[in-house]
Amino acid sequence: MGVVVTDAEVTLADVLSLRLALDEPLREGTELVLRHRTTGVEREAVIGTPGARAREATLAVSLAPLDLTAGRWDTYLRHDGRRSRLRSVDPGFSLDHLDAYALCKRTLAYRSYRTRNGFLALKISDAEPVAEVRRVWFREGRFEVMGLLAYTGLEDDDSRHEATLTLDRRQAGARVTATAFVQGVRFHAAVSLVDVLAADPGGAGTWEPALQVEGVPAPLRLGSHLDDVDGKRRRLHYPAAQVDGVPIRPCYTADDELRIEVGG
């Protein structure tokens with residue numbers, strides 16, 4: 001059976017919505033199989049319907065009842081014990097959709113995407129509240145950052161929330177703080193690079209930024225996850241600013257969390 005996904009999306013209700021182009025109708029009892037790429041664990045949902053005649057089909061599979069865990073899940077169709085991997089022509093990326101999806105408070109985030117070889121897959125991640133970075137820059141002796149509060153449950157409206165940006169140098173027990181601006185779920189913060197150097201004179205190392213926001217119980221880590229760029233530590237390289245001869249630059253960890261590197 002020739003089946004190709006022409007449109008794939010995980011809705012705000014965590015339902016996998018698929019539009020399929022078919023060489024022949026789906027047979028009764030056909031299953032959608034999700035296989036965890038690391039553990040090999042599989043989950044199934046019956047999608048074939050009796051009496052189907054259409055050469056196109058629209059399917060909706062609720063993901064929460066399948067008890068999926070974090071990781072990458074490949075998709076297959078199975079019928080009478082035979083299965084084939086599900087091909088896709090939909091790139092499966094919309095920044096606007098990802099922003100809207102991240103406004104709800106969640107424990108898991110589900111996302112559909114097309115693999116490099118052209119197959120449909122799911123990426124499932126733990127979804128604790130974070131400050132999603134959209135722009136980072138140095139200007140006028142300051143480090144500035146702006147972005148979106150994700151998975152906090154705050155409304156995307158005009159409400160303003162008191163907030164503080166903190167930079168911690170854990171090895172030296174040093175901290176720098178600055179007032180941050182938060183409206184709805186959008187944030188902007190800036191901190192003086194001179195203050196960063198003064199907080200740990202002569203100390204080269206890494207500073208960890210976090211955002212403390214009124215109405216959010218725990219500090220929010222700054223990172224960049226709601227896009228299609230994995231491995232930002234290798235792919236994104238920012239120019240260093242020079243402050244009193246000391247280079248300072250933003251960078252990302254292997255987990256795509258933002259850091260500020262001083263010296264080196």
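In this chain, residues are counted from 1 in sequence order.
With a 4.5 Å cut-off on side-chain heavy atoms, Leu63 and Val10 count as touching. Looking at heavy atoms from C-beta onward, Val176 lies out of side-chain contact with Thr166 at the 4.5 angstrom threshold. Tyr110 has its side chain out of reach of Leu16: every pair of non-hydrogen atoms, C-beta onward, lies at least 4.5 Å apart. For the pair Leu154 and Val216, the minimum side-chain heavy-atom distance is below 4.5 Å. A 4.5 Å side-chain heavy-atom check between Arg43 and Leu68 finds at least one atom pair inside the cut-off. With contacts defined as side-chain heavy-atom distances shorter than 4.5 Å, the pair Leu34/Leu122 qualifies.
Scanning both residues, Leu12 and Arg106, for their nearest heavy atoms gives O-NH2, 3.0 Å. Contact record, Glu44 with Leu66: O-CD2, 3.7 Å, taken as the closest heavy-atom pair. Between Ala189 and Ala180, the shortest heavy-atom contact is CB-CB, 3.7 Å. Taking all atoms of both residues into account, the shortest heavy-atom contact from Leu220 to Ala131 is CB-N, 3.9 Å. What you find for Arg37 and Ala121 is that their closest heavy atoms are NH2-CB, 3.9 Å. The heavy-atom pair separating His225 from Asp255 by the smallest distance is CE1-O, 3.0 Å.
One finds the CG atom of Leu86 at 7.0 Å from the CG atom of Leu18 (value rounded to the nearest 0.5 Å). Taken from OG1 in Thr30 to CZ in Arg82, the straight-line distance is 12.0 Å, to the nearest 0.5 Å. Here the straight-line distance linking atom CD1 of Ile260 with atom CG of Asp168 works out to 12.5 Å at 0.5 Å rounding. One distance of note links CD of Glu214 with CZ of Arg160; it measures 13.0 Å at 0.5 Å rounding. Rounded to the nearest 0.5 angstrom, His188 NE2 and Gln183 CD are separated by 13.0 Å. Rounding to the nearest 0.5 Å gives a distance of 12.5 Å between CG of Asn117 and OG of Ser88.
Residue pairs meeting the salt bridge (Lys or Arg N to Asp or Glu O under 4.0 Å) criterion with at least one partner in residues 146-157, sequence neighbours excluded, are Asp156-Arg186. Pairs of residues two or more places apart, or lying in two chains, that qualify as ring pair (Phe, Tyr, Trp, His ring centres under 6.0 Å) and include a residue from residues 57-76 are His36-Trp73. The salt bridge (Lys or Arg N to Asp or Glu O under 4.0 Å) analysis of residues 136-153, with sequence neighbours excluded, yields the pairs Arg139-Glu144, Glu140-Arg142, Arg142-Glu144.
Residues Leu222 and Trp137 are members of separate hydrophobic clusters, defined by side-chain heavy-atom contacts under 4.5 angstrom among Ile, Leu, Val, Met, Phe, Trp and Tyr. Under a hydrophobic clustering in which Ile, Leu, Val, Met, Phe, Trp and Tyr are joined whenever their side-chain heavy atoms come within less than 4.5 Å, directly or via other members, Val5 and Ile47 fall into the same cluster. Put simply, Val61 and Tyr101 are part of the same group of oily side chains (I, L, V, M, F, W, Y) that touch within less than 4.5 Å, one to the next. The hydrophobic cluster containing Val243 also contains Val145, counting ILVMFWY residues as joined when their side-chain heavy atoms lie under 4.5 angstrom apart, directly or transitively. In this structure, Val185 is not a member of the same hydrophobic cluster as Val130, with clusters built from ILVMFWY side-chain heavy atoms closer than 4.5 Å.
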Let me see the working for Trp207 and Leu258 under side-chain contact (heavy atoms from CB on, under 4.5 Å), right down to the final yes or no. CA-CA 9 Å; Trp207 293 76; Leu258 184 66; over 6 Å; no

Which is it for Ile248 and Phe143 under the side-chain contact (heavy atoms from CB on, under 4.5 Å) test, yes or no, and what are the steps along the way? CA-CA 9 Å; Ile248 305 177; Phe143 159 69; over 6 Å; no

Working for side-chain contact (heavy atoms from CB on, under 4.5 Å), residues Tyr113 and Arg72: CA-CA 10 Å; Tyr113 71 101; Arg72 308 269 179 165; 3.2 Å; yes

For Asp200 and Val262: C-alpha separation, side-chain torsions, deciding distance, then whether side-chain contact (heavy atoms from CB on, under 4.5 Å) applies. CA-CA 10 Å; Asp200 185 24; Val262 175; over 6 Å; no

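Using a 4.0 Å cut-off between a side-chain N of Lys or Arg and a carboxylate O of Asp or Glu, Arg114 and Asp90 do not qualify as a salt bridge. Electrostatic pairing of Arg83 and Glu42 counts as a salt bridge here, judged by a charged N lying under 4.0 Å from a carboxylate O. Residues Arg259 and Glu261 are not paired through a salt bridge, judged by the lack of any N-O separation under 4.0 Å between the basic side chain and the carboxylate. Salt bridge annotation for Arg175-Glu208: absent, with no cationic side-chain nitrogen under 4.0 angstrom from a carboxylate oxygen.
Side-chain N/O atoms of Asp126 and Tyr151 include no donor and acceptor closer than 3.5 Å.
Side-chain N or O atoms of Arg111 include none that pairs as donor or acceptor with a backbone N or O of Ser125 at under 3.5 Å. Listed for the Glu132 side chain is a donor-acceptor partner under 3.5 Å among the backbone atoms of Leu226. Thr164 places no side-chain N or O within 3.5 Å of a backbone atom of Thr179 that could act as its donor or acceptor partner. One N or O on the side chain of Thr75 and one on the backbone of Leu120 form a donor-acceptor pair closer than 3.5 Å.
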